[in-house]
2 protein chains.
Amino acid sequence: MTLPDSDPLDLDRQVCFPLYAASNLLNRLYRPILAELGLTYPQYLVMLVLWKHTPQTVGSLGDMLHLDSGTLTPLLKRMEKAGLISRTRDATDERRVLIDVTPKGRDLKSAAARVPEMLGAGLDIDTESIIELRSRVRALVTALKGVPVGES
Amino acid sequence: MTLPDSDPLDLDRQVCFPLYAASNLLNRLYRPILAELGLTYPQYLVMLVLWKHTPQTVGSLGDMLHLDSGTLTPLLKRMEKAGLISRTRDATDERRVLIDVTPKGRDLKSAAARVPEMLGAGLDIDTESIIELRSRVRALVTALKGVPVGES
DNA sequence: TACAAATATATTGCGCACAATATATTTGAT
DNA sequence: ATCAAATATATTGTGCGCAATATATTTGTA
């Protein structure tokens, strides 16, 4: 009774699949550009946050990037090892770890400023589409954050 | 990738970040539901393709899902080990490996039919937004596939 | 002031996702 | 027919991303 084009298991009907594919393809596009700065994409996101406001805690970074300590702790340790950030226990609350940029990390900012334009260059997509897309994806992210964890 | 005007390094102006976040959050939402079927999200995508048309090669799956053999080969081996698919060298071209569903894999289809509705249930987003979003993301995926590999 | 609950980060184990590389097979130009 | 180039898959090593769990610190309440 189900029409061919209403089959819920059709890959082309899925919303999640294009999002998954776009995320992978974007990461693939970013990789060689960010590699010149010695960064991965999630590391680049951490730097974007730190360049705006510092210090951050592991938790505040996780809230903003929607990641948990299982992802962030090893990532931040690698960034510390690379000399880009510092990790210090908060003296006023020993549970927390304060994340700050080092001088080397701050120096990266000027080079990173040219990353966005490098990416946009080869992409045949107009500004209106990008703005509309961004607004729609943001709405989805908001909706996804609103889903209770154990929800059926 | 950012929009013109203003600070290009502002997390809020990025288009890629919400896409990255949405992809992660969706995967997190899918995980427990698909776990009941013994599948991960990319494995689920492989099954969606195979339920439509079989057999596929590693390469044809990669073309459709935008993944390469480095990702697919170990993934498919795990699915074979789980008894969901078979992997056979193509007798007419020994370079290829034919991927087919097993009876056990085919049986999963009916249970999987309820996955999409289970996901949509808790999401406070209207149909129009979803359709518009899907169309915009598809356009981005198309544009991303059009970027030359060594592009600067 | 105890001390259980809440909070913050770290650890473990698994499965992607990718670049780089390796191996085997087929194709095509001579 | 030969053999270099192209094609298809596999392997290696690195870095996420996550659930589950562990550990340490702080908070709230009796």
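Lettering of chains follows the sequences in order, A, B, ..., and the numbering in each one begins at 1. Predicted, not measured: the structure shown is a model, and the values here were computed from it.
Ion pair A:Arg136/B:Glu128 flagged as a salt bridge, since at least one NZ, NE, NH1 or NH2 atom sits closer than 4.0 Å to an Asp/Glu carboxylate oxygen. With salt bridges taken as basic N to acidic carboxylate O contacts below 4.0 Å, one links B:Arg96 and B:Asp93. The residues B:Arg87 and B:Glu80 are annotated as salt-bridged, a charged nitrogen and a carboxylate oxygen being separated by less than 4.0 angstrom.
Once rounded to the nearest 0.5 Å, the distance linking CD of B:Gln14 with CG of B:Asp10 reads 8.0 Å. Here the CG atom belonging to B:Leu39 is positioned 6.0 Å from the CE atom belonging to B:Met79, to the nearest 0.5 angstrom. With rounding to the nearest 0.5 Å, the separation of CG in A:Leu76 from CG in A:Leu61 is 6.0 Å.
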Next item on the list: Walk me through it: do A:Val141 and A:His66 pass the test side-chain contact (heavy atoms from CB on, under 4.5 Å)?
Entry: CA-CA 10 Å; A:Val141 169; A:His66 311 299; 3.8 Å; yes
Margin query: Before you tell me yes or no, could you show the steps for A:Arg13 and B:Arg134 under side-chain contact (heavy atoms from CB on, under 4.5 Å), namely the whole-Å CA-CA distance, both residues' side-chain angles and the distance that decides it to 0.1 Å?
Written below: CA-CA 9 Å; A:Arg13 274 185 51 81; B:Arg134 187 179 62 181; 4.0 Å; yes
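Nucleotide D:dC16 holds its C1' atom 12 Å from the CG atom of A:Leu45, rounded to whole Å. In this structure, OH of A:Tyr30 is placed 16 Å from P of C:dA19, rounded to the nearest angstrom. Look at CG on A:Leu65: it is 11 Å from P on D:dC18, rounded to the nearest Å. Rounded to whole angstrom, the span from the CG atom of A:Leu26 across to the P atom of D:dC16 amounts to 17 Å. Protein atom NE2 of B:His66 is 18 Å distant from nucleotide atom P of C:dC16, rounded to whole Å. Put simply, CG on B:Leu75 is 16 Å from P on C:dC14, counting in whole angstrom units. The distance between atom CG of A:Leu144 and atom P of D:dC18, rounded to the nearest whole Å, is 12 Å. Taking atom CG of residue A:Leu72 and atom P of nucleotide C:dT11, one finds them 14 Å apart after rounding to whole Å.
Checking B:Ser86 against B:Asp100 by side-chain atom types alone, no donor-acceptor pair falls below 3.5 Å. Looking at A:Ser60 and A:Asp63, their side chains never bring a donor and an acceptor atom within 3.5 Å of each other.
Using a 4.0 Å cut-off, no side-chain N or O of B:Thr40 falls inside it from OP1 or OP2 of C:dG15.
Of the residues listed (B:Tyr30, B:Tyr41, B:Tyr20, B:Tyr44), the one engaging A:Tyr20 in a ring pair (Phe, Tyr, Trp, His ring centres under 6.0 Å) is B:Tyr41, and it is the only one.
Judged by closest nucleotide on DNA chain D, A:Leu67 is the one of A:Thr92 and A:Leu67 placed further toward the 5' end. DNA chain C is contacted by both A:Asn27 and A:Ser60; A:Ser60 maps to the nucleotide lying nearer its 5′ end (nearest heavy atom per residue).
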Checklist line | Per-nucleotide protein contact string for nucleotides 19-25 of chain D, where B marks a base within reach and S marks sugar-phosphate only (heavy atoms under 4.0 Å, - for neither) | finding: S-----B
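Residues from residues 76-90 of chain A with heavy atoms under 4.0 angstrom of DNA chain D, sorted by number: A:Arg78. Within residues 16-24 of chain A, no residue has a heavy atom under 4.0 Å from DNA chain D.
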